[in-house]
Chemist: 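Here's a structure for you.
Everything quoted here is computed from the prediction, not taken from an experiment. Every chain is numbered from 1, with letters handed out A, B, ... down the list of sequences.
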There are 2 protein chains.
Amino acid sequence: MTKNKQEDILDAALLLFATRGFDGTTVPMIAERAKVGAGTIYRYFENKESLVNALFQKCVMELSETIKKDFPISNGDIREQFRHIFKRMFNFAKKDINGLLFVDSHSGARYLNDQSKKLFADFLDFLRILLENGKKQGMICQLPSEALISIVYGAFVRLYKVIQTGVLEETPELLKGVEECCWNAIRVH
Amino acid sequence: MTKNKQEDILDAALLLFATRGFDGTTVPMIAERAKVGAGTIYRYFENKESLVNALFQKCVMELSETIKKDFPISNGDIREQFRHIFKRMFNFAKKDINGLLFVDSHSGARYLNDQSKKLFADFLDFLRILLENGKKQGMICQLPSEALISIVYGAFVRLYKVIQTGVLEETPELLKGVEECCWNAIRVH
DNA sequence: ATAGTCGGAATGAATATTCATTCCGCTATA
DNA sequence: TATAGCGGAATGAATATTCATTCCGACTAT
């Protein structure tokens with residue numbers, strides 16, 4: 001028996017939302033996986049939408065903190081900052097692949113509330129500002145930051161989707177190679 | 001009044017599946033958008049799953065044909081082939097953004113049948129073989145082709161997701177820049 | 001007229017949500 | 001220490017709603 005039912009519910013919901021999506025997941029499914037009664041879920045969350053928003057915010061904050069912790073801001077070396085972000089993204093994906101896939105597949109969903117949207121927008125803003133800096137320094141190629149983020153983030157997430165299907169194995173060499181590829185994608189040549 | 005109700009149904013379903021997902025789209029929604037009765041849908045498709053599979057196969061075939069038509073196989077110049085693929089992908093996205101997003105978000109869905117899965121796998125195989133060639137020629141970096149495809153395809157699709165939200169505008173310069181970025185991501189340096 | 005097509009109300013299964021009841025741990029009392 | 005009483009947590013059956021699918025009367029083209 002675990003102490004915290006709310007966590008059990010969030011864990012179960014995360015797995016299911018990440019693999020089946022919000023609409024493909026029923027509340028009884030979540031209850032069964034969390035080993036609680038269906039009604040118990042409504043003691044902790046107002047409804048299914050509240051649950052998905054709470055979970056989304058939790059995951060985005062964890063992702064955001066993972067990246068911002070010990071961020072090498074001081075010298076402003078973009079290459080180093082990029083490496084840091086990638087390393088932390090890899091760590092996050094390794095620790096919580098469902099969190100990564102859930103955030104990706106649900107950012108922009110119609111049932112997200114304003115707070116959820118803002119939290120995710122803030123996360124992207126952090127990345128955007130870094131890229132703007134890099135462009136000023138002449139290190140990063142002159143495309144809209146939104147496009148550069150799409151390229152790197154899109155590549156990263158899809159890689160992990162494929163890894164999760166088992167088609168591709170996550171090895172240090174692979175991750176190192178992918179990091180280089182993504183850097184090469186956005187740097188000035 | 002259009003002549004072909006089946007097409008009306010497929011068009012409506014495409015828009016809805018692309019924006020709300022399979023589970024978030026109800027059959028009556030499709031009927032309303034297609035301006036047909038709900039029952040009419042069942043004259044053309046056995047059930048909702050048949051419909052999504054038919055649509056998926058149609059979109060994948062169109063995407064595949066778009067790319068394979070006039071494909072520069074003869075000389076085997078990888079750079080040129082890459083440019084061709086990107087150009088055609090841009091065209092496809094421009095003509096049928098929902099088709100692109102639908103295929104992306106539904107490849108790998110649990111309700112796809114074997115035929116749908118195979119069709120999509122064949123499409124990826126085509127790309128894989130090209131990359132293998134490029135690697136042999138020393139033009140493409142030595143990572144698993146699945147990873148390289150993830151990087152380029154992931155970047156491409158996410159870019160269009162962002163474009164569709166209106167955050168980013170699709171201009172010739174942007175597309176040219178993104179094509180270069182993606183090529184830089186996978187080429188040997 | 002009639003064969004084929006269509007629309008959309010009707011149906012029943014699935015789903016989110018509620019709520020009466022049970023359960024559990026704590027405290028006050030003897 | 002033993003026990004009865006209390007309050008909040010948990011439950012899952014019951015309810016209300018939504019949805020995929022069916023069915024049949026109406027319509028259309030021949």
Chemist: State which of C/dC6, D/dA10, C/dA16 makes the closest approach to the side chain of B/T40.
Modeler: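 The answer is C/dC6, which lies nearest to the side chain.
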Chemist: Base, sugar-phosphate, or nothing: which does A/T26 touch, judged by heavy atoms less than 4.0 Å apart?
Modeler: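 Sugar-phosphate only.
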Chemist: Could you give the CD1-to-C1' distance, from A/I41 to C/dT17, as a whole number of Å?
Modeler: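 Whole-Å distance recorded here is 11 Å.
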Chemist: Rounded to the nearest Å, what distance is computed from the OH atom of residue B/Y111 to the P atom of nucleotide D/dA20?
Modeler: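 Going from OH in B/Y111 over to P in D/dA20 covers 13 Å.
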Chemist: Do we get B/K5 above B/Y44's six-membered ring, with its NZ or CZ under 6.0 Å from the centre and within 45° of the axis?
Modeler: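 Judged by the rule (NZ or CZ under 6.0 Å from the ring centre, within 45° of its axis), B/K5 is not positioned above B/Y44.
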Chemist: Per the ring-ring contact (aromatic ring centres under 6.0 Å, His included) rule, which among B/F156, B/W183, B/F92, B/Y153 passes with B/F86?
Modeler: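 With B/F86 as partner, B/F156, B/W183, B/F92, B/Y153 yield a single ring-ring contact (aromatic ring centres under 6.0 Å, His included), made by B/F156.
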Chemist: The side chain of A/V27 lies closest to which of these nucleotides: D/dT11, C/dT17, C/dC6?
Modeler: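 Shortest atom-to-atom distance from the side chain points to C/dT17.
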Chemist: Using the side-chain heavy atoms of A/Y44, tell me which of these nucleotides is nearest: C/dA16, D/dA20, D/dA9.
Modeler: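 Nearest nucleotide to the side chain: D/dA9.
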Chemist: Between atom CG in A/N47 and atom P in D/dT17, what is the gap in whole Å?
Modeler: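 Distance, rounded to whole Å: 15 Å.
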Chemist: Between B/G37 and A/E49, who's closer to the 5' end of DNA chain C by nearest nucleotide?
Modeler: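 Between the two, 5'-proximity favours B/G37.
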Chemist: Taking the six-membered ring for Trp, are B/H106 and B/Y111 parallel (under 30°), tilted (30 to 60°) or perpendicular (over 60°)?
Modeler: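 Judged by the thresholds at 30° and 60°, the geometry between B/H106 and B/Y111 is tilted.
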Chemist: What's the CD1-P distance between B/I9 and C/dT5, to the nearest Å?
Modeler: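 So the two atoms are 13 Å apart, to the nearest Å.
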Chemist: Any side-chain N or O of A/Y42 under 4.0 Å from OP1/OP2 of C/dT18?
Modeler: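 For A/Y42, the contact criterion (side-chain N or O under 4.0 Å from OP1 or OP2 of C/dT18) is not met.
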Chemist: Checking side-chain polar atoms at under 3.5 Å, does A/S145 have a donor or acceptor matched by the opposite partner on A/K135?
Modeler: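 The criterion, which ignores hydrogens and geometry beyond distance, is satisfied for A/K135 and A/S145.
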Chemist: Measuring from the side chain of A/R43 (C-beta onward, heavy atoms only), which nucleotide among C/dT5, D/dT11, C/dA16 has the closest atom?
Modeler: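 Given the options C/dT5, D/dT11, C/dA16, the side chain of A/R43 is closest to D/dT11.
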Chemist: Whole Å only: how far is the CG atom of B/L51 from the P atom of D/dT21?
Modeler: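 Rounding to the nearest Å, CG of B/L51 and P of D/dT21 are 10 Å apart.
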Chemist: With heavy atoms under 4.0 Å as the rule, sort A/F45 into base, sugar-phosphate or nothing.
Modeler: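 Nothing: the residue A/F45, judged by heavy atoms under 4.0 Å, touches no strand.
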Chemist: Take the protein atom NZ of A/K35 and the nucleotide atom P of D/dA10, then report the distance between them rounded to whole Å.
Modeler: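 So the NZ-P distance, A/K35 to D/dA10, works out to 16 Å.
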Chemist: Is it the case that the ring center of A/H84 lies less than 6.0 angstrom away from the ring center of A/F71?
Modeler: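 For A/F71 and A/H84, the ring centres are under 6.0 Å apart.
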Chemist: Quickly work out the A/E32 CD to C/dA16 C1' distance and round it to whole Å.
Modeler: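 Rounded to whole Å, this separation is 16 Å.
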Chemist: Starting at CG of B/D23 and ending at P of D/dC19, how long is that distance when rounded to a whole Å?
Modeler: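 Checked: the CG to P distance equals 12 Å.
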Chemist: Does B/K5 place a side-chain N or O at less than 4.0 Å from the phosphate oxygens OP1/OP2 of C/dG7?
Modeler: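 For C/dG7, OP1 or OP2 has a side-chain N or O of B/K5 closer than 4.0 Å.
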